[in-house]
Amino acid sequence: MFAVVRERVWALAFRARAALVARRDAGMVTSEYAVGIIASVAFAAVLYKVVTSGQVNSELQAIVKKALDAKM
């Protein structure tokens with residue numbers, strides 16, 4: 001009898017703890033969204049600078065030209 005009661009109490013405690021953790025980490029707040037957007041824009045700016053640089057641009061053009069000139 002005590003074992004059944006103990007198991008039910010443990011199960012109830014486990015469910016309550018899981019519910020608290022789920023509620024605590026339910027999603028991002030507005031400040032986290034803002035930081036995420038700023039980081040994404042910064043990464044996009046760096047990526048744009050790298051892709052439009054002379055060295056990378058010429059390498060990309062060479063790859064495209066090689067692909068278009070390939071014999072089938």
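Transitive grouping of hydrophobic side chains (ILVMFWY, heavy atoms separated by less than 4.5 Å) brings V56 and F43 into a common cluster.
Through direct or indirect side-chain contacts shorter than 4.5 Å among Ile, Leu, Val, Met, Phe, Trp and Tyr, L68 is connected to V64. Alongside I37, the hydrophobic cluster contains V41 (criterion: ILVMFWY side chains under 4.5 Å).
In this structure, OG on S53 lies 8.5 Å from CG on L60, to the nearest 0.5 angstrom.
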